[in-house]
Colleague: 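Before we start, here is the structure in question, set down as structure tokens.
What you see is a predicted model; the values in this text were computed from it and never measured.
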Amino acid sequence: MRRRTIDEPDLPPRIEIVPMIDVIFAILTFFIMSTLFLGRFEGLAVNLPKAQSAKPQKVIRATVTLDPQGGLFLNKNPVAIESLSTAIRGLQQSGQDLTIVLNADGSVTHDRVVAVMDQVRQVEGAKLAIATQKPTQP
């Protein structure tokens with residue numbers, strides 16, 4: 001440790017804010033990255049068809065996803081098409097309507113989508129919505 005001599009001036013204590021700014025930016029980055037994952041949609045990633053009248057839905061209870069390989073998923077869990085209506089009834093709470101979002105890839109055949117819609121419509125009180133995305137503007 002170095003000793004101070006008499007002829008050296010007293011330096012006032014300083015608070016270094018550069019490390020504090022680094023910590024604040026690190027915390028800010030953490031919160032930004034963590035909030036990006038909070039608003040994720042519950043469906044699997046598929047290429048949705050485009051529709052000019054697409055609107056975001058405010059209340060989503062369950063998601064039925066049809067992937068390009070023909071797989072059927074209810075809230076990311078694989079399910080057979082024959083047991084889809086039973087699985088949806090298991091999600092339904094008494095006295096509440098259930099909104100089912102059909103999240104089908106654009107390459108899925110029409111008859112497969114209609115078969116899934118038919119299974120959803122067999123559930124009393126279930127409302128069906130089809131997920132689309134707005135086309136990108138050039």
Colleague: Looking at every heavy atom in both Leu128 and Val120, which two are closest together, and how far apart are they?
Modeller: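 Answer, listing the atom of Leu128 first, then Val120: CD1-CG1, 3.8 Å.
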
Colleague: Listing request: all salt bridge (Lys or Arg N to Asp or Glu O under 4.0 Å) pairs with a residue in residues 119-132, at least two apart in sequence or in separate chains.
Modeller: Asp97-Lys127

Colleague: Just one of Arg89, Gln122, Gln119 clears the side-chain contact (heavy atoms from CB on, under 4.5 Å) bar with Leu84, so which one?
Modeller: Gln119

Colleague: Check this for me: Ile17, atom CD1, are more than 12 non-hydrogen atoms of other residues, nucleotides or ligands nearer than 6.0 Å?
Modeller: no

Colleague: Any non-hydrogen side-chain atom of Met117 less than 4.5 Å from a side-chain atom of Leu102?
Modeller: yes

Colleague: Identify the two heavy atoms, one from Ala131 and one from Val101, that lie closest to each other, and give their separation to 0.1 Å.
Modeller: CB-CG1, 3.8 Å

Colleague: Could you check if a side-chain atom of Asp67 sits within less than 4.5 angstrom of a side-chain atom of Asp105, using non-hydrogen atoms only?
Modeller: no

Colleague: Hydrophobic clusters here meaning ILVMFWY residues chained together by side-chain heavy-atom distances under 4.5 Å, can you tell me if Ile24 and Ile32 are in one?
Modeller: no

Colleague: Can you pull the side chain to side chain donor-acceptor pair (under 3.5 Å) pairs that have at least one residue in residues 15-25, sequence neighbours excluded?
Modeller: Arg14-Glu16

Colleague: Return the CG to CG distance between Leu72 and Asn77, rounded to the nearest 0.5 Å.
Modeller: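 CG of Asn77 is found 11.0 Å from CG of Leu72.
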
Colleague: In Å and rounded to the nearest 0.5 Å, what is the CG to CD1 distance from Asp118 to Ile81?
Modeller: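 Interatomic distance, Asp118 CG to Ile81 CD1, rounded to 0.5 Å: 8.5 Å.
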
Colleague: Are Val18 and Leu28 joined in one hydrophobic group, where the rule is that I, L, V, M, F, W and Y side chains link up if heavy atoms are under 4.5 Å apart?
Modeller: no

Colleague: So if I apply the side-chain contact (heavy atoms from CB on, under 4.5 Å) rule between Ile100 and each of Val123, Val116, Val64, which one comes out positive?
Modeller: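 Single pass found, and it is Val64.
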
Colleague: Has Asn75 got a side-chain atom pairing as donor or acceptor with Thr63's backbone, closer than 3.5 angstrom?
Modeller: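 A pair under 3.5 Å: yes.
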
Colleague: What's the spacing between Leu66 CG and Thr109 OG1 if we round to 0.5 Å?
Modeller: 8.5 Å

